[in-house]
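Reminder, nothing fancy here: chain letters follow the sequence lines and each chain counts from 1. Quick caveat, the model's predicted, so the values are computed rather than measured.
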Amino acid sequence: MEENLVIVESPAKAKTITKFLGESYIVKSSFGHIRDLSKKNLGIDIVNQYKPDYIVSPEKKKVVAELKKLASEASVVWLASDEDREGEAIAWHLAQELKLKPEKTRRIVFHEITKEAITNAVKSPRDINNNLVNAQQARRVLDRLVGFELSPILWKKIKSSLSAGRVQSVAVKLIVEREREISAFADESKYRVYAQFTGGGKSFRAELNTRFNTLGEATAFLNHCKDSAFTVDQVQVKPGKKSPAPPFTTSTLQQEASRKLNFSVSQTMKLAQSLYESGKITYMRTDSVNLSSMALSAARNVVSTEFGEEYSKTRQYQTKTKGAQEAHEAIRPTYMQNRQVDGPKPEQKLYELIWKRAVASQMADAKTEKSIIDICVSNSKYRFIAEGEVILFDGFLKLYLESVDDDNSEEKQTILPKLSTGEVVSYSEIQAVEKYSVHPARYNEASLVKKLEELGIGRPSTYAPTISTIQQREYVIKEDRKALERNIGYALLKAGSVVQGTRIEKYGSEHAKLFPTSIGMLVTDYLMEHFPQIMDYNFTADIEKQFDEIAEGNKDWTEMIDAFYKDFHSKVESTLSQKETQRYERALGTHPQTGEAMLVKIGRYGAFVQCGDAESGAVPRYASLRKNQNIETITLSEALELFKLPRDLGVYNDSPVIIGVGKFGPYVKHNNKFISLKKTKDDPLCITYDRAVEIISENASDCFPRSFDEKPGLQILKGRFGPYIAFEGKNYRIPKQFDPQNMGLNDCLEIIKNNSGK
DNA sequence: CAGTGAGCGAGCTTCCGCTTGACTT
């Protein structure tokens with residue numbers, strides 16, 4: 001019989017710890033929380049001191065039953081969940097649900113998974129910290145109250161199945177506000193002047209210390225430069241240094257994997273989970289930048305042997321993040337000496353990123369030399385400035401440099417010639433170019449996570465799910481935007497004469513950025529109007545302070561909740577008692593041909609344009625907005641475009657040929673069948689009858705389901721991933737060498753035979 | 001899922017934080 005049962009949160013952790021403890025210990029995992037508030041009603045007894053109604057989650061019944069059995073057989077149960085608010089609550093729920101006797105129960109904690117840390121923990125057990133547990137209960141109850149009282153208001157006032165919550169509603173608000181900033185942004189242009197100089201035996205670039213408003217002013221200056229002398233006025237040389245970034249937390253890993261590897265937030269987390277489960281990295285949901293002493297010394301070894309002693313610098317980083325709980329280490333390789341790992345390519349890439357970041361964090365500063373050269377223009381108050389930077393010692397830069405979000409930085413290593421005051425330089429060309437100011441950047445998934453973390457909203461385990469929730473609710477949409485073109489003016493001074501002209505500049509392209517939808521904006525405005533407290537960016541930080549007071553034993557959790565709920569609930573009641581639902585309507589103008597009123601509205605199925613007013617006796621026509629349009633920015637001409645589809649091209653084989661745009665993009669409809677148009681190939685507004693018929697006949701040969709008379713029940717079907725074989729309740733993938741259109745029954749039976757072994 | 005948009009009403013939806021499976025082709 002096992003004498004000791006140790007319960008941790010994660011099965012991978014359990015596996016590792018088993019190796020450190022003797023045979024008299026059995027280590028099991030709770031798989032996170034085992035109980036939660038009941039989902040029937042609120043799960044909270046408001047009138048009875050907010051008593052929570054906890055139930056074992058259905059998917060955890062099996063785990064709990066197993067733990068219960070093992071606990072009854074053990075002489076001591078060690079509750080080894082994480083040392084933070086949630087971990088303490090997990091320990092408490094386990095003690096409650098497994099009905100553990102206090103005299104045979106111990107609470108232990110450790111921050112690193114090493115033999116030493118664990119044996120030390122076992123030597124100094126403590127009791128469950130009820131204050132910390134109460135802080136968690138307050139957090140849980142507040143989130144439930146907010147989520148389950150606000151969401152139904154939205155169902156009633158706006159649209160069914162919507163949701164609101166302390167975290168998600170603020171995340172959406174960030175996106176909405178940023179989009180409005182962008183709409184309101186008035187871009188302006190200025191002329192910047194760049195000179196290519198020669199001096200000290202080298203060619204180098206410098207920029208004028210002023211920007212001109214018009215091409216005329218810029219040209220006048222270039223004309224002045226024709227006969228000017230350019231004299232070095234001042235040379236400054238300053239030493240500088242750069243320091244490495246701390247090792248990864250969940251949030252910084254998501255950001256860098258997005259910037260450097262183009263991974264989505266959820267993709268990064270899936271890959272990291274897999275690396276963690278195979279023992280290659282430490283835990284991937286963490287807000288700590290701390291490294292264990294073991295990791296520090298391993299990093300020191302790696303740096304010294306790979307790069308030399310002078311590259312090594314041991315550093316302990318401090319976590320600055322608001323509300324960080326630091327139950328884990330930073331994300332790092334389990335074995336620092338492994339520069340690479342086996343496995344799928346994306347996992348290898350993510351591992352390499354983690355390795356580089358962790359190792360670089362333990363490397364020396366880079367030493368640089370910055371130089372600035374001031375150049376006077378004779379008979380002018382303006383001057384040119386050349387800036388250069390030389391790396392004297394690369395240090396950590398040898399391995400890794402953190403990327404930045406906006407890619408406008410022109411920071412490249414430029415070496416300036418050695419020049420001294422009074423020397424004269426000459427130009428090969430001087431150019432004035434029109435440069436537009438750039439609106440604030442839209443968020444992508446990872447930069448939104450960064451912002452949420454800065455505000456202390458959400459936790460490492462919820463960043464990825466939050467991002468996917470707000471997209472599932474269709475509050476925001478992740479999209480690309482093609483670049484637009486505009487003309488920019490320039491003037492060029494070369495070989496003693498000035499020419500003017502314009503050239504085309506591409507701008508405004510976006511990749512995987514988050515855009516608010518019409519519903520997202522409407523819901524945000526509605527919540528802002530009626531529940532400004534919940535929507536305040538400081539709301540989470542304010543209540544976190546109160547949770548801390550509860551955790552320190554200086555505040556009663558039910559009193560805290562009561563103080564919040566009284567106000568909140570009365571606002572909920574008064575909002576519900578208001579009769580009117582939230583409507584949105586905006587007039588776009590009148591139809592240029594028919595003179596009908598054009599309106600944009602939000603209905604049960606989202607945003608649409610209405611053409612014609614029922615009150616004026618006409619029958620209105622309707623068209624949905626496209627995915628990338630929204631009620632606030634759509635223009636009259638864009639709205640008119642929407643009515644150009646569907647187009648009726650005529651009759652083919654006794655059925656009409658219709659071109660339209662549906663949920664999955666443009667399509668041809670014929671004989672009640674829909675065929676998607678290829679994105680780049682066919683424009684739905686221009687496509688001809690002949691081309692449409694061509695597409696229809698191409699598609700006609702593609703006929704599924706296929707079945708065989710000799711074998712009823714066997715079918716070749718077309719699914720989400722292409723054709724497959726369905727037989728006796730099972731599905732089989734069709735290997736590449738077969739043609740699903742023409743393959744015979746024997747081929748199918750062969751495939752089934754080959755795959756029925758598994 | 002390939003459209004819809006009146007109005008009514010039944011029955012459903014929903015939160016945040018801990019964790020991985022079990023479905024699949």
Side-chain angles (χ1 to χ4, degrees), chain A residues 8-14 29-37 39 41-44 57 59-60 62-63 81-82 84-90 93 136 139-156 159-169 270 273-274 276-277 283 285 325 327 457-463 465-466 469 473 534 540 599 601-610 614 620-624 646 658 660-669 672-676 717-726 730-735 751 755:
Chain A
V8 297
E9 291 180 34
S10 138
K13 204 168 171 180
S29 147
S30 73
F31 295 83
H33 274 296
I34 52 157
R35 302 199 301 191
D36 191 15
L37 297 174
K39 281 196 182 182
N41 307 320
L42 266 184
I44 299 162
S57 328
E59 72 273 15
K60 294 291 169 59
K62 242 175 103 179
V63 180
S81 44
D82 298 342
D84 58 15
R85 201 161 63 203
E86 298 297 327
E88 203 66 20
I90 289 174
H93 280 299
Q136 193 274 347
R139 199 281 303 156
R140 181 67 193 92
V141 165
L142 184 132
D143 281 337
R144 170 56 67 87
L145 290 172
V146 171
F148 274 38
E149 296 215 345
L150 287 187
S151 299
I153 299 179
L154 300 180
W155 305 343
K156 208 174 154 191
K159 203 178 133 180
S160 176
S161 304
L162 294 175
S163 65
R166 174 176 59 82
V167 174
Q168 59 169 283
S169 297
K270 271 189 198 131
Q273 176 89 27
S274 172
Y276 167 68
E277 282 171 9
Y283 196 58
R285 290 185 278 263
Q325 310 226 351
I457 299 171
R459 303 278 313 129
S461 66
T462 60
Y463 295 139
T466 300
T469 298
R473 300 271 175 277
I534 308 292
T540 292
L599 294 166
K601 291 181 174 182
I602 288 193
R604 273 186 294 161
Y605 309 103
F608 65 96
V609 180
Q610 180 181 329
R621 289 174 297 143
Y622 303 98
S624 288
I658 311 278
V661 173
K663 204 166 185 175
F664 304 120
Y667 62 86
V668 183
K669 184 178 169 190
N672 286 322
K673 273 194 196 152
F674 294 86
I675 312 159
S676 285
L717 300 172
K718 198 167 184 184
R720 218 156 33 107
F721 309 115
Y724 65 97
I725 298 167
K730 282 187 180 165
N731 298 325
Y732 304 86
R733 170 187 281 160
I734 299 171
I751 292 167
N755 286 282

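- The backbone N or O of A:Phe31 sits less than 3.5 Å from a side-chain atom of A:Lys60, completing a donor-acceptor pair.
- In terms of position along DNA chain B, the nucleotide closest to A:Ala607 lies nearer the 5' end than the nucleotide closest to the other residue of the pair A:Ala607 and A:Glu86.
- Residues A:Arg144 and A:Leu42 come closest through the heavy atom pair NH1-O, 2.7 Å.
- Applying the 3.5 Å distance criterion, the base of B:dG3 shares no donor-acceptor pair with the side chain of A:Ser624.
- Using a 4.0 Å heavy-atom cutoff across all strands shown, A:Arg85 reaches no nucleic acid atom at all.
- Remark: A:Arg621 is not in phosphate contact with B:dG5, judged by side-chain N or O atoms under 4.0 Å from OP1 or OP2.
- Residue A:Ser461 places at least one side-chain N or O under 4.0 Å from the OP1 or OP2 atom of B:dC18.
- Within the nucleic acid shown, A:Gln273 comes within 4.0 Å of sugar-phosphate atoms alone, with no base atom in reach, counting heavy atoms only.
- Nucleotide B:dG17 holds its P atom 12 Å from the CG atom of A:Asp84, rounded to whole Å.
- For the salt bridge (Lys or Arg N to Asp or Glu O under 4.0 Å) test, no residue two or more places apart in sequence or in another chain qualifies with A:Glu149.
- Taking side-chain N and O atoms only, A:Tyr283 has a distance below 4.0 Å to OP1 or OP2 of B:dT19.
- Whole-Å rounding puts the A:Ile44 CD1 to B:dC15 P distance at 14 Å.
- For the residue pair A:Ser461/A:Arg285, the side-chain donor-acceptor check at 3.5 Å is not satisfied.
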Dot-bracket for DNA chain B, 5' to 3', Watson-Crick and G-U pairs with both distances under 3.5 Å, [ ] for crossing pairs, | for partner on another strand, reads .........................
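- Residue contacts for A:Val146: at a heavy-atom cut-off of 4.0 Å it reaches no nucleic acid atom on any strand shown.
- Heavy atoms of A:Gly165 sit under 4.0 angstrom from primed sugar atoms or phosphate atoms, though from no base atom.
- To the nearest 0.5 Å, atoms CZ (A:Arg139) and CD (A:Glu86) are separated by 4.5 Å.
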Between the protein and nucleotides 12-14 of chain B, which nitrogen or oxygen pairs come in under 3.5 angstrom?
from, atom 1, to, atom 2, distance (Å)
B:dT13, O2, A:Ser160, OG, 3.2
B:dT13, O2, A:Ser161, N, 2.4
B:dT13, O2, A:Ser161, OG, 3.1

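- Across all strands shown, A:Arg144 has heavy atoms under 4.0 Å from base atoms, whether or not it also approaches the sugar-phosphate.
- A donor-acceptor pair under 3.5 Å is absent between the side-chain atoms of A:Ser151 and the main chain of A:Ser163, judged by distance alone.
- Residue contacts shown for A:Tyr276 are limited to sugar-phosphate atoms, with no base heavy atom under 4.0 Å away.
- At the heavy-atom level, A:Gly87 lies nowhere under 4.0 Å from the strands shown.
- Across the protein-nucleic acid pair, A:Lys270 atom NZ and B:dG21 atom C1' stand 13 Å apart, rounded to whole Å.
- For A:Thr540 and A:Arg166, the side-chain atoms include at least one donor-acceptor pair closer than 3.5 Å.
- For A:Asp143 and B:dC16, the CG to C1' distance is 4 Å, given to the nearest whole Å.
- The distance between atom CD of A:Glu277 and atom C1' of B:dG21, rounded to the nearest whole Å, is 9 Å.
- Applying the 3.5 Å distance criterion, the base of B:dC16 shares no donor-acceptor pair with the side chain of A:Arg459.
- Following rounding to the nearest Å, A:Arg139 (CZ) and B:dC18 (P) show an atom-to-atom distance of 7 Å.
- Annotation for A:Lys270: atom NZ does not count as buried by contact number, only 12 or fewer foreign heavy atoms lying within 6.0 Å.
- Checking B:dT19, B:dC18, B:dC16 against every side-chain atom of A:Arg140, the shortest atom distance belongs to B:dC16.
- A:Thr462 contributes no side-chain N or O that, together with a main-chain N or O of A:Gly458, makes up a donor-acceptor pair within less than 3.5 Å.
- Using a 4.0 Å heavy-atom cutoff across all strands shown, A:Thr466 reaches no nucleic acid atom at all.
- Set against B:dT4, B:dT19, B:dC16, the side chain of A:Asp36 has B:dC16 as its closest nucleotide.
- For A:Glu88 and A:Gln136, the side-chain atoms include no donor-acceptor pair closer than 3.5 Å.
- Note on A:Pro11: only backbone sugar-phosphate atoms sit closer than 4.0 angstrom, heavy atoms only; bases stay farther off.
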Assess the residue pair A:Asp36 and A:Arg140 against the criterion (salt bridge (Lys or Arg N to Asp or Glu O under 4.0 Å)); give the C-alpha distance rounded to whole Å, side-chain angles, the decisive distance to 0.1 Å, and a yes or no. CA-CA 9 Å; A:Asp36 191 15; A:Arg140 181 67 193 92; 2.8 Å; yes
